[in-house]
Amino acid sequence: MRIVDAKVIVTCPGRNFVTLKIVTDQGVHGIGDATLNGREQAVVAYLNEHVVPLLIGRDPRKIEDTWQFLYRGAYWRRGPVTMRAIAAVDVALWDIKAKMAGLPLYDMLGGKSREGVLVYGHANGGDIAETVDEVERYVGLGYKAVRAQSGIPGVDKAYGVGRGQMYYEPADATLPTETVWSTSKYLNHAPKLFDALRERVGFGVELLHDAHHRLTPMEAARLGRSLEPYNLFWLEDVTPAENQEAFRLIRQHTTTPLAVGEVFNTIWDCKDLIQEQLIDFIRATIVGAGGITHLRRIADFASVWQIRTGCHGATDLSPVTMGAALHFDSWVPNFGIQEYMRHSPETDAVFPHAYRFEDGLLSPGEASGHGVDIDEALAAKYPYEPKQLPVARLEDGTMWNW
Ligand code: CS2
Ligand code: MG
């Protein structure tokens, strides 16, 4: 069995997606997502110049060998561009293997461990009242878990407050939108939001929150402690995690569960966080962390310390990643939760998929493979549009973390 074609498809049905399609001499094809929000063309070039020529003629059944070949063969190792390219190949090959077996991907991984995948939706509003209404709307739609982000008085363009209803796209301009950040205004505001939320929706729904890498370790400790009365399911990305040791300090001060890892590419980015039990949920996902082959390794390692998974699932992760993640989530024993920000109807049409939302849970569907395909003719109607993520500055103009 041989790979006879591999092509990179770029499409922008509302936002940019990079997809790798691998075709075998048996006529079976598989697809993988390689989208890197705001830096899409870097992965396109990496795939076209350095990966596609290596794939032609290879045996598509040798997933592990291909993963090791691309990882070790690059010599330089890791990084978001390399690991997304590897992820795209890996997911496409798992798709092919499962299709050839006539099985849904979760059956290739070890079979289903649960009836459905618990997901959290994104509720946000310009102020506390609007956000509380939005959370209530999600609860009405059947969601058992909701992430809440609100505008902050005195802060222009706060993170996580979108324009859409069920989805929004942060990469909104050709040149990065400049936003302003004030940690002190945020720290005063966040407990008020969750106080109002628990008052309205009670404690029967799981609530989550994302600080998006903006605090120092001690500020993060303060936030975690101030949110303890509201029993969050998790508090995400409280401080940048390049320095994994920083979480030791946070951990000494709060019992609020911590989630980290949407920007991680490999097990090496979270090794200390996991083995020192500094986090509760690992957010690495299929497209970010080298595909199913590598994410499985991270999840198994995390399971030793009872750390659970919580795959990133914002709109910049294409339906291909969502489909593959749902098969992974259905199997992984130490599953925690799956992020689910809905895609636009245009995106859903370009990527026909078997997964569906029912009673607050997502099901991967029963199709063989990962259950997601690409309509190439429709994809071609939406050409690439250069867009970048925003940046953030402190009120005095100092560059900060967006
Ligand atoms: C976020 C993302 O989903 C999340 O938790 O942190 O929205 C993130 O900002 C985007 O994926 C960036 O492209
Ligand atoms: Mg996040």
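What you see is a predicted model; the values in this text were computed from it and never measured. Only this structure's heavy atoms are used, side chains among them; waters, hydrogens and symmetry mates stay out. In listed order, ligands and their atoms are each counted from 1.
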request  = Select one of side chain, backbone, both or neither to describe which atoms of Leu389 lie under 4.0 Å from any atom of ligand 1, heavy atoms only.
outcome  = side chain

request  = For ligand 1, indicate whether the residue Met341 contacts it via side chain, backbone, both or neither (heavy-atom separation under 4.0 Å).
outcome  = neither

inquiry  = To the nearest 0.5 Å, what is the distance between NZ on Lys97 and CE on Met100?
reply    = 9.0 Å

Atom 6 (O) of ligand 1: the protein heavy-atom neighbour that sits closest, reported with distance to 0.1 Å = Glu262 OE2, 2.5 Å

ask   = Considering only heavy atoms of Asp210, which atoms of ligand 1 have at least one such atom less than 4.0 Å away?
value = 1 (C), 4 (C), 5 (O), 6 (O)

message = Using a 4.0 Å cut-off to any heavy atom of His212, which atoms of ligand 1 qualify?
response = 1 (C), 6 (O), 8 (C), 9 (O)

query = So which heavy atom in the protein is nearest atom 3 (O) of ligand 1, and how far is it from that ligand atom?
reply = Glu339 OE2, 2.4 Å

inquiry  = Check this for me - ligand 1, His312, N or O atoms closer than 3.5 angstrom, yes or no?
reply    = yes

inquiry  = As an exercise, identify every atom of ligand 1 less than 4.0 angstrom from a heavy atom of Asn37.
reply    = 13 (O)

ask   = Just distances here: any N/O of Trp402 and N/O of ligand 1 closer than 3.5 Å?
value = no

request  = Start with the C-alpha gap between Tyr186 and Trp181, add the side-chain angles, then the distance that decides, and say whether ring pair (Phe, Tyr, Trp, His ring centres under 6.0 Å) holds.
outcome  = CA-CA 8 Å; Tyr186 169 68; Trp181 178 249; 5.1 Å; yes

task = Determine the interplanar angle of the Tyr340 and Tyr143 rings, folded into 0 to 90°, and report it as parallel if under 30°, tilted if 30 to 60°, perpendicular if over 60°.
result = parallel

query = Numbering the atoms of ligand 1 from 1, which are under 4.0 Å from a heavy atom of Ala314?
reply = 2 (C), 3 (O), 7 (O), 11 (O)

query = Does Asp237 put an N, O or S atom under 2.8 Å from the Mg ion (ligand 2)?
reply = no

query = Closest non-hydrogen protein atom to atom 11 (O) of ligand 1, residue and atom name please, with distance?
reply = Asp316 OD1, 2.8 Å

ask   = Would you find a donor on one side and an acceptor on the other, under 3.5 Å apart, between the side chain of Asp95 and the backbone of Ile31?
value = yes

ask   = By atom name, which N, O or S atom belonging to Asp210 lies closest to the Mg ion (ligand 2)?
value = OD2

query = With a 4.5 Å limit on heavy-atom distance, are the side chains of Ile63 and Asp90 in contact?
reply = yes

request  = Using the six-membered ring of Phe281, assess whether NZ or CZ of Arg283 lies under 6.0 Å from its centre and within 45 degrees of the ring axis.
outcome  = no

request  = Assign the ring pair Trp305 / Phe301 to parallel, tilted or perpendicular, where the plane angle (0 to 90°) is split at 30° and 60°.
outcome  = perpendicular

inquiry  = Between Asp5 and Lys21, does any side-chain N to carboxylate O distance fall below 4.0 Å?
reply    = no

request  = Report the C-alpha separation of His353 and Tyr355 in whole Å, then their side-chain angles, then the decisive distance to 0.1 Å, and conclude whether the ring pair (Phe, Tyr, Trp, His ring centres under 6.0 Å) test is met.
outcome  = CA-CA 6 Å; His353 51 261; Tyr355 62 80; 3.9 Å; yes

request  = Look at Glu262 and state whether any of its N, O or S atoms is less than 2.8 Å from the Mg ion (ligand 2).
outcome  = yes

task = Look at atom 7 (O) of ligand 1 and say which protein heavy atom is nearest, naming residue and atom and giving the distance to 0.1 Å.
result = Tyr159 OH, 3.4 Å

task = Among the N/O/S atoms of Glu236, select the one at the shortest distance from the Mg ion (ligand 2) and name it.
result = OE2

message = If the threshold is 4.0 Å, N to carboxylate O, is there a salt bridge linking Arg137 and Glu134?
response = yes

